[in-house]
Amino acid sequence: MKLSNNVTEFILVGLTQDVAKEKIVFVVFLFLYLATLLANLLIVLTIRYSRMLGSPMYFFLFYLSFTDACFSTTIAPRLIVDSLSKKKVISFNECMTQVFSAHFFGCLEIFVLVIMSFDRYVAICKPLRYTTIMSQRVCGILMNVAWVGSCIHSLVQVFFVLKLPFCGPNVIDHYLCEVQPLLKLACMDTHVINLLIVFNSGAICMVSFIVLIISYIFILYSLSNKSAAGRKKALSTCTSHIIVVILFFVPCIFTYTRPPLTFQVDKMVAVFYTIGTPLLNPLIYTLRNADIKKAMKKLWCKQQ
C-alpha cells in the first residue's frame with residue numbers, strides 16, 4: 001500500500017509567539033549569528049594564511065571553524081527572518097534541505113572533534129611517531145572519511161523522513177525542521193522509525209562521546225610522565241577540547257538518544273548546540289591558545 005503525502009509546506013511555531021519577544025529574538029540572534037560568522041571566519045582565515053599554524057591540530061581546527069560557520073548558517077538565518085514573520089512557512093523541499101544540512105554539518109562536527117582527540121592522543125602519548133602517524137596524507141584521508149560519513153548519515157535521516165506519510169497536521173512545534181517534531185506529524189506508528197533514528201543519530205553521538213572521554217582519560221593519565229612545562233601546555237590544549245566536547249555532546253545526547261517525546265526545554269537545548277556552541281567554540285580555542293592569538297596579531301599587524 002502506497003503511503004500518501006498531502007503536505008506541501010510546514011508552519012514553524014518558532015521560539016515564541018509573543019510579538020514583543022520575537023523582536024528581542026531578532027536582535028539577539030542576529031548579533032549572535034554575525035558574531036559566530038566573524039569569529040569562525042577569523043580563525044579560518046588565520047589558519048589559512050598563517051605560516052605559524054601548520055600542524056595537524058590547526059588543520060582540523062580549520063575544518064571545525066568552517067563547519068561551525070556552515071552549521072550556524074543552516075539554522076540561524078531562518079530563525080532570524082521568521083522572528084519578524086507572522087506566519088513562519090517553510091516548504092516541504094526546504095524542510096528536507098534543512099534536515100539534510102543540519103545533520104550533515106552537525107555530524108561533520110562530531111567526526112572532526114573525534115579526529116582532533118585522536119590527534120591530541122598521538123601528539124601527547126606518542127610524540128616521537130607523531131609526524132609519521134599524522135602525516136598530511138593521513139589527515140586528508142581522515143577528513144575525507146568524515147565528509148563521506150556525514151553525507152551518508154544525513155541521507156539516511158532524510159530517507160527516514162521521506163518515508164513518513166503526512167496527511168493533515170503541518171505545524172512543527174520548533175524553530176527548525178527537525179526529525180523528532182516531524183515524527184509527531186506523521187499519520188502512522190513511528191515507533192520503528194524512531195528506533196532507527198536513535199540507532200543512527202543517537203549511536204553516533206553516544207559512541208563518539210564515549211570514545212572522546214576514553215581518549216582524554218588516556219591523555220590525562222599520560223601527562224604524569226611529562227615535564228611541568230609540557231604538562232601545562234598539553235593540559236591547556238586538552239581542557240579547551242574537553243569543554244567544547246561537553247558543550248556540544250551533552251545537548252545532542254539529550255535530544256537524540258530518547259523516545260519520541262517533547263519537553264518544554266527542547267527548543268532551548270537546540271538553541272544551545274545549534275546557535276551557542278558554534279559561537280563558543282572559536283572563543284574557547286582563541287582565548288586558551290597562545291599560538292592562535294599570536295598568529296592573529298601578526299597577520300593583523302601585517303595588514304596594518
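The chain is numbered in sequence order, starting from 1.
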Which atom of [X] lies closest to which atom of [Y], heavy atoms considered:
X      : Y      : value
Phe199 : Ala203 : O-CB, 2.7 Å
Asn40  : Pro278 : ND2-O, 2.9 Å
Asn200 : Gln157 : ND2-OE1, 2.6 Å
Leu185 : Pro169 : CB-O, 4.0 Å
Leu164 : Leu182 : CD1-O, 4.3 Å
Leu142 : Ile115 : O-CD1, 3.5 Å

Side-chain donor-acceptor pairs under 3.5 Å in residues 128-140, sequence neighbours left out?
unit_1	atom_1	unit_2	atom_2	d
Tyr130	OH	Asp119	OD1	2.5
Ser135	OG	Val138	N	3.3

Practice item. Report yes if the distance between the aromatic ring centroids of His103 and Tyr256 is under 6.0 Å, otherwise no. Key: yes
Point to revise | is_close_aromatic(Phe59, Tyr63), centroid dist under 6.0 Å | key: yes
Heavy-atom side-chain proximity of [X] to [Y] below 4.5 angstrom:
X      : Y      : result
Ile172 : Lys184 : no
Cys107 : Ile204 : yes
Thr73  : Phe105 : no
Leu176 : Leu12  : no
Ile24  : Thr16  : no
Asp82  : Glu22  : no
Ile292 : Tyr58  : yes
Val13  : Lys267 : yes

Given the rule that I, L, V, M, F, W and Y join up when any side-chain heavy atoms are under 4.5 Å apart, are [X] and [Y] in one cluster?
X      : Y      : answer
Val198 : Met188 : no
Ile210 : Tyr221 : no
Met206 : Val112 : yes
Leu15  : Val19  : no
Phe31  : Tyr175 : yes

Study note, to complete from the structure: The single option from Val161, Val158, Thr74 that satisfies side-chain contact (heavy atoms from CB on, under 4.5 Å) with Phe100 is Val158
Hey, could you give me the [atom1]/[atom2] distance between [X] and [Y], rounded to the nearest 0.5 Å?
X      : Y      : atom1 : atom2 : result
Ile242 : Leu247 : CD1   : CG    : 12.0 Å
Ile80  : Ile75  : CD1   : CD1   : 11.5 Å
Phe10  : Asn170 : CZ    : CG    : 7.0 Å
Leu196 : Lys163 : CG    : NZ    : 11.5 Å
Leu32  : Ile275 : CG    : CD1   : 7.5 Å
Ile43  : Ser50  : CD1   : OG    : 12.5 Å

Check: [Y] main-chain N/O paired with [X] side-chain donor or acceptor under 3.5 Å:
X      : Y      : result
Ser215 : Leu212 : yes
Ser154 : Ser150 : yes
Ser91  : Glu94  : yes
Ser101 : Gln98  : no

Exercise for review: Check the pair Ile110, Phe248 against side-chain contact (heavy atoms from CB on, under 4.5 Å), reporting the backbone distance first and the verdict last.
Suggested key: CA-CA 9 Å; Ile110 288 174; Phe248 184 77; 3.4 Å; yes
Check your understanding: Are the sulfur (SG) atoms of Cys95 and Cys177 separated by under 2.5 Å?
Key ->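 Their SG atoms fall under 2.5 Å; a disulfide, then.
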Review point. With a cut-off of 6.0 Å (strictly less than), are more than 12 heavy atoms of other residues, nucleotides or ligands near CZ of Phe66?
Key: no
Review point. For Phe104, which of Trp147, Phe111, Phe71 qualifies under ring pair (Phe, Tyr, Trp, His ring centres under 6.0 Å)?
Key: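 Of the listed residues Trp147, Phe111, Phe71, the ring pair (Phe, Tyr, Trp, His ring centres under 6.0 Å) partner of Phe104 is Trp147.
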Point to revise | Any side-chain donor near an acceptor of the partner, Gln180 and Thr255, under 3.5 Å | key: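 Their side chains do not contain a donor-acceptor pair, so the 3.5 Å distance test is not met.
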Check your understanding: Between Glu109 and Asn281, do the side chains contain an N or O donor and an N or O acceptor separated by less than 3.5 Å?
Key -> yes
